[in-house]
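Just so it is clear, the values below take in all heavy atoms, side chains as well, and ignore hydrogens, waters and symmetry mates. All ligand and atom numbering here is 1-based and tracks the order in the structure. Nothing fancy with the numbering, it's 1 onward along the sequence.
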Amino acid sequence: MPAILVVDDELSMREFLKILLDKEGYEVSTASEASSAIDLIKCQNFDLVISDIKMPGMGGLSLLGKIKEINSSLPVIMITAFASPDNAVIAMKRGAFDYITKPFKVDEIIKIVKSAISSASTTTTDEITSETESFEGIIGNSQEMLKIYNLISRIAPTPASILIYGDSGTGKELVAQAIHNLSKVRDKPFVPITCSAIPESLLESELFGHIKGAFTGAISNKMGLFELADGGSVFLDEIGELTPLIQTKLLRVLQERELKRVGGTDTIKVNVRIIAATNKDLEEEIIAGRFREDLFYRLAVVPLRVPPLRERKGDVPLLVKHFLKKFSEKMDKDVQEISSYAMKVLLEYDYPGNVRELENIIERGIALESSKIILPESLTLSTYKKEGKTIEKSEAFIAVESEDELHNQGLDKVMAKLEKEMIEHALVKTNNSKIRAAELLKISFRSLRYKVQKYDIK
Ligand SMILES: Nc1ncnc2c1ncn2[C@@H]1O[C@H](COP(=O)(O)OP(=O)(O)OP(=O)(O)O)[C@@H](O)[C@H]1O
Ligand SMILES: [Mg+2]
């Protein structure tokens, strides 16, 4: 008999849960405060803890932290008041299995309890160490990626909705697939849909289905993706593009776990894991009134940021190796290496198109390369880069006008002058756009801004 500990300061809630879970065949203990719960956990084996968040003395979120210190694999379900999505986010970040909002439905709580208890006995993800170089097909071993692998393996087995955000080409879809592959519904469908690719009227019926005659062209009943994915995961890509109407409908599905087909009157129960992705700043969209805040909180129970490649350049060599292998096999060419100068060029580049761009660079490099090693000439970086190169060369000659000057002023001064002139030139060329100038010079926007101040460039 699985053992459950219920922690709540309210007697009525403890009794309600005890009676309910007793009836389901669990052995239920109760505690009225966090400190006595900790004592019980230290001396007794539990399979699950259900805890209220708001309690006098130590609150539920601190208790959650303590429990995870004592036994990190013990699942904990938090009970939150309806109006506190922030708490839910904190709870999931601290490793809660899931949260239930008050007032809750009996069958909802039983379902979550069951899946929490079965997860504890089935979760087996490979351990992630600093040696880890790839995870579920995602390549990289920078600190940033290791953190992501850890987060994925902790949240994947829970039913929590996840919002993946990050720039285009950073690997959001790979992350979504990894979450599904490590979830308890991995044997069920993973249904992706790119929200921006479909006009509103069609998207509605794609997502929720329609009944015969609902609109011209609806010649028969049709299931929507939510029904098709039932029991599995729906991956809503580019969620920032959803129109207000679809946002409202989606919110309903997330809240009620049921939907109506377009033109239909019957309610249909759906049970799907939602994974969403966006390359927009949704918080900005909320402020601008283009995205519903309540929907955001429902989707982003666990937010997961995939950083741009320029913030994790340490991943470049591993990615290069991976893509070299992939494309030389695919094109049946024997290009397995890259010259160290070509690698240096790749490490200095900023990748506005992120991993997708690096992947394309290597693919093209292999196609263009006739030797066994990729040389810098075979790398076609985006045009900004090329312009940058020509500027570098010509400007270098302008700055050091004579050898005498170099001797008189010393290297530092000459280099500073060169730097200043290059920046001025880049700003003129880009009509004073610091963003474009930074790209041209292959330095970050911040460092450009710093140098503009330092050299007092007008
Ligand atoms: N860490 C990685 N390891 C291996 N391949 C990667 C990695 N990140 C991205 N890729 C590859 O780069 C390409 C883009 O990745 P993906 O489609 O997941 O990006 P995205 O963040 O969803 O982009 P967008 O916002 O444009 O949809 C894919 O071909 C993917 O396989
Ligand atoms: Mg994508």
Side-chain angles (χ1 to χ4, degrees), residues 125-126 128 130-153 156 162-182 190-198 203 225 233-242 274-282 284-285 291 299-300 302-331 338 346-347 349-367 379-382:
T125 43
D126 288 343
I128 295 148
S130 54
E131 245 87 289
T132 305
E133 296 192 336
S134 74
F135 178 85
E136 292 292 313
I138 309 169
I139 311 288
N141 80 339
S142 56
Q143 283 305 312
E144 289 80 358
M145 290 314 285
L146 295 179
K147 271 191 214 150
I148 289 178
Y149 303 159
N150 261 308
L151 186 59
I152 293 175
S153 52
I162 294 168
L163 177 71
I164 307 163
Y165 65 102
D167 294 349
S168 183
T170 47
K172 296 185 292 296
E173 184 147 7
L174 283 182
V175 169
Q177 184 74 58
I179 292 168
H180 176 76
N181 292 351
L182 295 174
F190 172 79
V191 180
I193 180 161
T194 305
C195 303
S196 61
I198 306 168
L203 184 61
L225 292 179
S233 315
V234 170
F235 174 47
L236 300 167
D237 203 359
E238 300 189 36
I239 190 98
E241 310 296 327
L242 287 185
I274 306 284
I275 307 170
T278 179
N279 53 26
K280 278 196 174 168
D281 182 341
L282 281 193
E284 237 168 52
E285 294 295 294
F291 202 86
L299 290 169
V302 183
L304 193 160
R305 174 177 184 257
V306 188
L309 187 53
R310 64 177 175 278
E311 286 178 20
R312 48 179 167 107
K313 290 263 185 85
D315 287 336
V316 168
L318 273 179
L319 285 163
V320 167
K321 199 172 127 197
H322 170 74
F323 293 134
L324 274 176
K325 189 161 179 291
K326 175 174 165 186
F327 292 110
S328 60
E329 272 169 22
K330 201 169 150 194
M331 293 182 228
I338 178 158
L346 289 178
L347 282 169
Y349 187 54
D350 257 0
Y351 302 97
N354 293 296
V355 183
R356 180 181 292 120
E357 185 176 6
L358 176 59
E359 183 171 13
N360 292 338
I361 292 170
I362 301 297
E363 182 175 11
R364 257 180 281 136
I366 294 179
L379 300 175
T380 36
L381 309 187
S382 72

- Task: Flag the pair K280 and E241 as a salt bridge only when some basic side-chain nitrogen lies within less than 4.0 angstrom of an acidic carboxylate oxygen.
- Result: yes
- Closest approach of any protein heavy atom to atom 23 (O) of ligand 1, naming residue and atom: G169 N, 2.8 Å
- Message: Using a 4.0 Å heavy-atom cut-off, which part of L319 comes near ligand 1: side chain, backbone, both, or neither?
- Response: side chain
- Message: I need the nearest protein heavy-atom contact for atom 14 (C) of ligand 1: residue, atom name and distance, please.
- Response: R356 NH2, 3.7 Å
- Note on the structure: All heavy atoms of I362 vs all of L324, minimum pair found to be CG2-N, 3.8 Å
- Message: Before you tell me yes or no, could you show the steps for F323 and I139 under side chain to side chain contact (heavy atoms under 4.5 Å, CB included), namely the whole-Å CA-CA distance, both residues' side-chain angles and the distance that decides it to 0.1 Å?
- Response: CA-CA 10 Å; F323 293 134; I139 311 288; over 6 Å; no
- Message: Show the atoms of ligand 1 that are less than 4.0 angstrom away from any heavy atom in N279.
- Response: 25 (O)
- Task: Provide, to 0.1 Å, the distance between atom 1 (N) of ligand 1 and the closest protein heavy atom, together with that atom's residue and name.
- Result: I139 O, 2.9 Å
- Message: For ligand 1 and H322, I'd like to know whether there is a polar contact (N/O to N/O, distance under 3.5 Å).
- Response: no
- Message: Looking only at the side chains, is there a donor atom on one of S196 and E238 sitting less than 3.5 Å from an acceptor on the other?
- Response: yes
- Shortest non-hydrogen contact from R312 to S142? CB-OG, 3.6 Å
- Message: Give me the residue, atom name and distance of the protein heavy atom closest to atom 16 (P) of ligand 1.
- Response: G171 CA, 3.7 Å
- Query: Aromatic rings F235 and F190: how do their planes relate, parallel, tilted or perpendicular, breaks at 30° and 60°?
  - Reply: parallel
- Answer side chain, backbone, both or neither: which part of K172 comes under 4.0 Å from ligand 1, heavy atoms only. both
- Considering only protein heavy atoms, which is closest to atom 11 (C) of ligand 1, and at what distance to one decimal place? E359 OE1, 3.4 Å
- Task: Tell me which protein heavy atom sits closest to atom 26 (O) of ligand 1, plus the residue, atom name and distance to 0.1 Å.
- Result: S168 OG, 2.5 Å
- Note on the structure: atom 6 (C) of ligand 1: closest protein heavy atom, distance to 0.1 Å, is L174 CD1, 3.3 Å
- Query: Taking the inter-plane angle between the rings of Y349 and Y351 on a 0 to 90° scale, is it parallel (under 30°), tilted (30 to 60°) or perpendicular (over 60°)?
  - Reply: perpendicular
- Query: Which bit of T170 gets closer than 4.0 Å to ligand 1, counting heavy atoms only: side chain, backbone, both or neither?
  - Reply: both
- When you look at L319 and L309, which way does the side chain to side chain contact (heavy atoms under 4.5 Å, CB included) test go after all the steps? CA-CA 10 Å; L319 285 163; L309 187 53; 3.9 Å; yes
- So for F323 against ligand 1, with non-hydrogen atoms under 4.0 Å, the contacting part is side chain
- Query: Quick one: nearest non-hydrogen protein atom to atom 10 (N) of ligand 1, plus distance?
  - Reply: V355 CG1, 3.4 Å
- Item | Residues K172, D167; criterion salt bridge (Lys or Arg N to Asp or Glu O under 4.0 Å); working and verdict | CA-CA 9 Å; K172 296 185 292 296; D167 294 349; over 6 Å; no
